[in-house]
Trainee: 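Here it is, the structure in full.
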Amino acid sequence: MYHQLAHLYDWPGSLDFSEKILSRDLAVFTELNLQPPARILDLACGTGTLSLALAQKGYEIIGVDISAEMLTQAKAKQQEQEAAGQPLKLRWLEADMRYFLLDEPVDAVVCHYDSLNHLSNETELRGTFVQVAQALKSGGSFLFDLNTLENYQTFWQGKDTYEGPNYRLKTESSFNEDLNKAEVQFKVEEYNDEGELDFHSEQVFEHYFNETAVEKYLMAADFYEIQWSPFNPVDEIPAEFPLKTFWRCKRR
């Protein structure tokens, strides 16, 4: 997913969310005394904004994503940052979060931007939790976020248009509450470097997972000290209307 639109992923809302989730993750790491140069896996890292921010703090980061195009953006940002400063302890791995393998376990795994909601069903969610547990050291931490039902019911319905410097992005989204399935169709009109107008389209699917199922599958994957709390990363939306849940747990 995000193959055609990877170069547009870093829109202001995405970057703002990165700052907020970085703050949350660092607060948990401080509480756990997880200090640099601890090894952290950023699962479904996308264009690498969070990976790069953590690496700048001194952590050793592995960024994993299924999209080669998203990783191309991440690598370009790394090269740009390293050209202006110190080399970062950061490497990228193109892999599916359901089936990835590491050469050695890490101290923590983070998975944000509602990436787990992209899994198709509870079987895939359960299997991904098992993969994450295998990637962690005993006692290692797993931090992630998920979209709430209220989010899908309210904001995954209808059409929107977003304007950029050289593009117009149109979205049409829907949510089937009977199936807990959401989808959004992206259509982009964009001027290329030659001044010609290009057209791109991409369809993205998500699945709502309720808290009871998530906790059950975490426990089945041998996680403990499971905690979750409402999380609203958008300032314009009231705090009592949480868009997400923020999760933290440890591997036995």
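Index from 1, following the sequence.
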Trainee: Side chains of Q157 and Y152: do they bring a donor and an acceptor to under 3.5 Å?
Mentor: no

Trainee: With side chains defined as the heavy atoms from C-beta onward, is the minimum distance between I226 and W247 less than 4.5 Å?
Mentor: yes

Trainee: Using the side-chain hydrogen bond (donor to acceptor under 3.5 Å, both in side chains) rule, take W92 and Q78 through it: C-alpha gap first, then chi angles, then the decisive distance, then the call.
Mentor: CA-CA 10 Å; W92 311 101; Q78 179 185 2; 2.7 Å; yes

Trainee: Can you tell me how far NE2 of H207 sits from CG of L146, rounded to the nearest 0.5 angstrom?
Mentor: 11.0 Å

Trainee: Is any side-chain heavy atom of K137 closer than 4.5 Å to one of R251?
Mentor: no

Trainee: Does the side chain to side chain contact (heavy atoms under 4.5 Å, CB included) test come out yes or no for K77 and T49, once each step is laid out?
Mentor: CA-CA 8 Å; K77 291 195 291 187; T49 302; 2.8 Å; yes

Trainee: Tell me if the CD atom of E163 is crowded by more than 12 foreign heavy atoms within 6.0 Å.
Mentor: yes

Trainee: Indicate, with yes or no, if V184 and L116 share a hydrophobic cluster defined by side-chain heavy-atom contacts under 4.5 Å among Ile, Leu, Val, Met, Phe, Trp and Tyr.
Mentor: no

Trainee: Is there a side-chain contact between V214 and E211 in this structure, where contact means two heavy atoms from C-beta onward sitting under 4.5 Å apart?
Mentor: no

Trainee: Less than 4.5 Å apart, any side-chain heavy atom of Q227 and any of C249?
Mentor: no

Trainee: Would the distance check show the side chain of K170 and the main-chain N or O of V188 forming a donor-acceptor pair, the cut-off being under 3.5 Å?
Mentor: no

Trainee: Does the separation of the ring centres of F223 and F142 fall below 6.0 angstrom?
Mentor: yes

Trainee: Should we say atom NZ of K57 is surrounded by more than 12 heavy atoms from elsewhere, each under 6.0 Å from it?
Mentor: no

Trainee: Could you walk me through whether Q185 and S173 satisfy the side chain to side chain contact (heavy atoms under 4.5 Å, CB included) test, starting with their C-alpha distance in whole Å, then the side-chain angles of each, then the deciding distance to 0.1 Å, before giving a yes or no?
Mentor: CA-CA 6 Å; Q185 178 77 35; S173 55; over 6 Å; no

Trainee: Could you please spell out the steps behind the ring-ring contact (aromatic ring centres under 6.0 Å, His included) verdict for Y59 and F29?
Mentor: CA-CA 11 Å; Y59 291 100; F29 293 161; 5.6 Å; yes

Trainee: Could you tell me the separation between the OG atom of S138 and the CZ atom of R252, rounded to the nearest 0.5 Å?
Mentor: 9.5 Å

Trainee: Hey, what do you get for CG (D42) to CG (L93), rounding to the nearest 0.5 Å?
Mentor: 12.0 Å

Trainee: For a quick test of reading the model, state the closest non-hydrogen atom pair linking M97 to Q131 and the distance between them.
Mentor: O-CB, 4.2 Å

Trainee: So, do E94 and I66 sit near enough that their side-chain heavy atoms are less than 4.5 Å apart?
Mentor: no

Trainee: To the closest 0.5 Å, what do you measure between OG (S18) and CG (L50)?
Mentor: 6.5 Å

Trainee: Could you verify whether a donor N or O on one side chain and an acceptor N or O on the other, from H7 and Q73, lie under 3.5 Å apart?
Mentor: no

Trainee: Given L54 and L26, is the side chain to side chain contact (heavy atoms under 4.5 Å, CB included) satisfied, shown in steps?
Mentor: CA-CA 9 Å; L54 289 169; L26 290 175; 4.0 Å; yes

Trainee: Can you tell me which residue among V64, L41, L90 is in a side chain to side chain contact (heavy atoms under 4.5 Å, CB included) with S51?
Mentor: L90

Trainee: Do L43 and I21 sit in the same hydrophobic cluster, where Ile, Leu, Val, Met, Phe, Trp and Tyr count as joined when their side-chain heavy atoms come under 4.5 Å apart?
Mentor: no

Trainee: To the nearest 0.5 angstrom, please state how far the OH atom of Y208 sits from the CD atom of E150.
Mentor: 7.0 Å

Trainee: For a 4.5 angstrom cut-off between non-hydrogen side-chain atoms, does L102 reach V106?
Mentor: yes

Trainee: So, N232 side chain and K244 main chain: donor-acceptor pair closer than 3.5 Å or not?
Mentor: no

Trainee: Establish, yes or no, whether the cationic atom of R168 lies under 6.0 Å from the six-membered ring centre of Y162 and within 45° of the ring axis.
Mentor: no

Trainee: Minimum heavy-atom separation for A213 and E122, please, with both atom names.
Mentor: CB-OE2, 3.7 Å

Trainee: Can you name the nearest heavy-atom pair linking F199 to E189, along with the distance?
Mentor: CE2-CG, 3.6 Å

Trainee: Evaluate salt bridge (charged side-chain N to carboxylate O under 4.0 Å, His left out) for E31 paired with R248, printing each intermediate quantity in order.
Mentor: CA-CA 12 Å; E31 179 184 336; R248 54 182 289 189; 3.1 Å; yes

Trainee: Is it the case that the side chains of D145 and H112 hold a donor-acceptor pair, with the cut-off being a distance below 3.5 Å and no angle test?
Mentor: yes

Trainee: Would you give the length of the straight line joining atom CG of L119 to atom CZ of F129, rounded to the nearest 0.5 angstrom?
Mentor: 8.5 Å

Trainee: Between N117 (side chain only) and N147 (backbone N and O only), is there a donor and an acceptor less than 3.5 Å apart?
Mentor: yes

Trainee: May I ask you to decide if L88's main-chain N or O and E82's side chain share a donor-acceptor pair within less than 3.5 Å?
Mentor: yes

Trainee: Look at the aromatic rings of F17 and F231 and report parallel, tilted or perpendicular, splitting at 30° and 60°.
Mentor: tilted

Trainee: Determine the minimum heavy-atom distance between L218 and F144, stating which atoms define it.
Mentor: CD1-CZ, 3.9 Å

Trainee: Does atom OH (Y224) have a neighbourhood of more than 12 heavy atoms from anything else shown, all under 6.0 Å?
Mentor: yes

Trainee: Under the side chain to side chain contact (heavy atoms under 4.5 Å, CB included) criterion, do R24 and V28 qualify, and how do the steps go?
Mentor: CA-CA 6 Å; R24 282 219 166 199; V28 175; 5.8 Å; no

Trainee: Would you say I62 ends up clustered with V109 if hydrophobic residues are merged whenever their side chains have heavy atoms under 4.5 Å apart, either directly or through other cluster members?
Mentor: yes

Trainee: Could you check whether T171 and K159, counting side-chain N and O atoms only, form a donor-acceptor pair closer than 3.5 Å?
Mentor: no

Trainee: D107 vs R39, test: salt bridge (charged side-chain N to carboxylate O under 4.0 Å, His left out). Steps then yes/no.
Mentor: CA-CA 5 Å; D107 300 292; R39 298 179 72 240; over 6 Å; no

Trainee: Using only heavy-atom distances, determine whether the side chains of Q81 and Q56 contain a donor-acceptor pair under 3.5 Å.
Mentor: yes

Trainee: Shared ILVMFWY cluster between Y113 and F155, side chains joined below 4.5 angstrom?
Mentor: yes

Trainee: Please give me the minimum heavy-atom distance between S141 and K250, naming the atom from each residue.
Mentor: OG-CG, 3.9 Å

Trainee: Same cluster for L243 and V204 if Ile/Leu/Val/Met/Phe/Trp/Tyr side chains link at under 4.5 Å?
Mentor: yes

Trainee: Do N180 and F175 have side chains that get closer than 4.5 Å, going by heavy atoms?
Mentor: yes

Trainee: Flag the pair L136 / P105 as yes when at least one side-chain heavy-atom distance between them is below 4.5 Å, and no otherwise.
Mentor: no

Trainee: Tell me if a side-chain donor or acceptor on T72 pairs with a main-chain N or O of A68 at a distance below 3.5 Å.
Mentor: yes

Trainee: Assess whether atom NZ of K20 is packed by more than 12 heavy atoms of other residues, nucleotides or ligands within 6.0 Å.
Mentor: yes

Trainee: So, for A133 and A221, which heavy atoms are closest and what is the spacing to 0.1 Å?
Mentor: CB-O, 3.5 Å

Trainee: We want to know whether E183 and W156 form a side-chain donor-acceptor pair, criterion being a heavy-atom distance below 3.5 angstrom.
Mentor: no

Trainee: Are a donor atom and an acceptor atom from the side chains of N176 and K181 found within less than 3.5 Å of each other?
Mentor: no

